[in-house]
Structure formats: C-alpha cells, structure tokens
Amino acid sequence: MPELPEVETVCRGLAPHLEGARIETVTLNRPDLRFKFPDRFIDRLQGQEIQAINRRAKYILVDLSGGETWLSHLGMTGNYRIVDNSSPFAPGKHDHVEVTLTHPRHGDSTLLYSDPRRFGFMDMFADVATCKYLANLGPEPLGNSFTATGLAQNFSSRRTPVKSALLDQRIIAGLGNIYVCEALWRASISPMVPACNLVNEDGSPTPELGVLANVIRDVLIEAIAAGGSTLQDFRNTKGNAGYFQHSFDVYGREGHDCHRADCSGTIARIVQSGRSSFWCPTCQVETG
DNA sequence: ACTTTGACCTGTGCGC
DNA sequence: TGCGCACAGGTCAAAG
C-alpha cells in the first residue's frame, strides 16, 4: 500500500545508500513492469552518480549526475530494498530490477525492485518540469500550498463523493484508499458527502472542510513517524514492517466498534467507485 | 467538463 | 486438498 507515507518511508530508507553512490550495473529481469522500460534505460543509468532522492506525491525521483531524473512509481505492490553484496543473493520471482552500487562511505550494495502485481513503473526524464506524470498533480498535503481554501476551489464544482475527490491526484497528491478513509473518520465526514457540500456559497471552505484539511496532515505525519503501514508485503528498505496499521481507526475494521470516545457505532464497509470505504455510519455525518 | 467503469497483474484467504 | 470467487496499497483509457 504505498501511499504517501510509505513512499516517504522508502525514500528516507534509501537516501543514505543512494545519495553519493555510483550506479555500476543495471539488470532488468523482464522487459516491462506496468509499462515498458524507456529507451536505453540501462545505458542511461549505468555510470551515473546519484545526487539526490526525492518524493513527489507517490513518485520517487532520483537525480543523476548527467542531469536526467529516474522516476519510479510503486503501484500497489512495488518495493525497494537494499541488500549487502557480501552475502550470496539470488533474485526472487518478483525481483524485476537489480542495480549494483558503489558508495565511498557505505561500500558496495545492490538495490532491488520487487513488484508482484507489476502495477509499478519506471521512466527517465531529461527535465522533470516536462514530466507528464507530474504535470497535473495537485498540491503536496504536507506542503505550504495545501490549504482548505484551495481544496474548496476544487470541490466547488464537483458533486462526486468526497471520498472519490480526495483520491483524485489532481486535487490533492499522495492520498490513497487507507489515508482517505482515516482522514474522513477523523473529520467526522461521511465518505458519501458530495464534495461541493463542503464549500460555502461564497466559495470558502466550510468549517468541516477546514478540519478535514488539518486531519489529513495529521494522519500523514503520524503515519510517516510510524514508518508507514504494513499490509500484505510492504516493507521498508531494511525489510522491516511499518507500524501505523496498528493505529487504523476504520480501515479494515468492518464490524468492529467505532473508536470515537462518545460514539457507540460499528464500522461499516461500502464500495465507492469500485474501492472499499470504511466508515462509521453513526458519527460520520452526511452533510457538512 | 465531470464521473464511472473496466483493465492492467498476481497473491491470499475464504467458503464449499 | 482443491476449486472458484472476492478482494487488495494505484492509475489510466474509454465510455457515459
């Protein structure tokens, strides 16, 4: 479930190994992931020095000494890990990309990309300013450009349920199914409320939308601090699980008691746009 | 212009 | 033990 906190966890784990390292060899164990690898992908990576690793939304961006940027998206089940070259290693069934590195301080290691469902992908860009994947992304929820006022502007014309609107990466970048469910619960907003119902006549955010913007930040910050969430196979780069899944209030808790102190409701599951929404019908209200 | 649906893949867990 | 089905973190193209 790589959503923003998990991708951030991966980037932070990789940074000490990657930044300052030189890419020695690249091995692709298949011709594609979700998409084909870009032209001359191996040649454009080999021999490059890695200058920085950054995250934008759920994308990982690796800046190379030649000026190009290596972009990757983890899809649903993608993950990176670092293995020590001193121990024998045989790639597993889903280890699709192997990158050997030399580092002046950390020595030699291998970066592995695994992705059972292959919904992830990689690409290469001379200039991230022209990168099609980043062109239409909304604001970073943890950045200064994310505000309730900005959310209200995007919500005002949309009758789609707020659940769907928050999953729209053009409106806010980096949220996925889990953290949207958690944020809506914290804000006591039903996932079925039309997005435009959270906007006043004059276009300003309702108080509920103001709360929602705040709790989105809160839940993401808490999840990052916990090292992300681990469901199925997500692991950080050291192979360890995250811990935030133990803090879920609604996600995956269908049939369990609502955690809100003064609520005696039971968590329910509904399907919206083909995705499960977990919520408390008792305390998450229909209108803003 | 907005919204929904299906497609892309593999793995897991459940009921029978 | 096996089979079929439902479901899983995301995005995109196509259709309504």
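A quick note: this is a predicted structure, and the numbers were derived from the prediction, not measured. Below, chain A is the first sequence line, B the second, and so on; all start at residue 1. Below, all heavy atoms of this structure are taken into account, side chains as well, without hydrogens, waters or symmetry copies.
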Just call it for A:Lys132: base, sugar-phosphate, or nothing, with non-hydrogen atoms closer than 4.0 Å on any strand. nothing

May I ask which nucleotide in the shown strands pairs with C:dG16, Watson-Crick or G-U wobble, both distances under 3.5 Å? B:dC2

Candidates B:dT3, C:dC12, C:dA8 - which lies nearest the side chain of A:Arg158: B:dT3

Is it the case that B:dC9 (base atoms only) and A:Arg118 (side chain only) share a donor and an acceptor within less than 3.5 Å, ignoring hydrogens and angles? no

Determine whether a donor-acceptor pair (N or O, by modelled atom type, separation under 3.5 Å) exists between the side chain of A:Lys163 and the backbone of A:Val193. no

Which nucleotide sits closest to the side chain of A:His73: B:dT5, C:dG10, C:dA8? C:dG10

Using a 4.0 Å heavy-atom cut-off across all strands, classify A:Tyr133 as base, sugar-phosphate, or nothing. sugar-phosphate

For the side chain of A:Lys93, counting heavy atoms from C-beta on, which of B:dG11, C:dG10, C:dC12 is nearest? B:dG11

Nearest listed nucleotide, side chain of A:Tyr59, among C:dC12, C:dG10, C:dA8: C:dC12

A:Arg253 versus A:His259, side-chain donor and acceptor atoms under 3.5 Å: yes

Options C:dG10, B:dT4, B:dT10, nucleotide nearest the side-chain atoms of A:Ser164: B:dT4

Could you please name the option among B:dT4, C:dA8, C:dG10 that lies closest to any side-chain atom of A:Arg34? C:dG10

Under 5.5 Å between ring centres and under 30° between planes: true for A:Phe119 and the base of C:dT11? no

Closest to the A:Arg275 side chain: C:dT11, B:dT10, B:dT5? C:dT11

May I ask you to say what A:Gly274 touches in the nucleic acid, namely base, sugar-phosphate or nothing, with a heavy-atom cut-off under 4.0 Å? nothing

Looking at the side chain of A:Thr160, which of C:dC12, B:dT3, B:dT10 is the nearest nucleotide? B:dT3

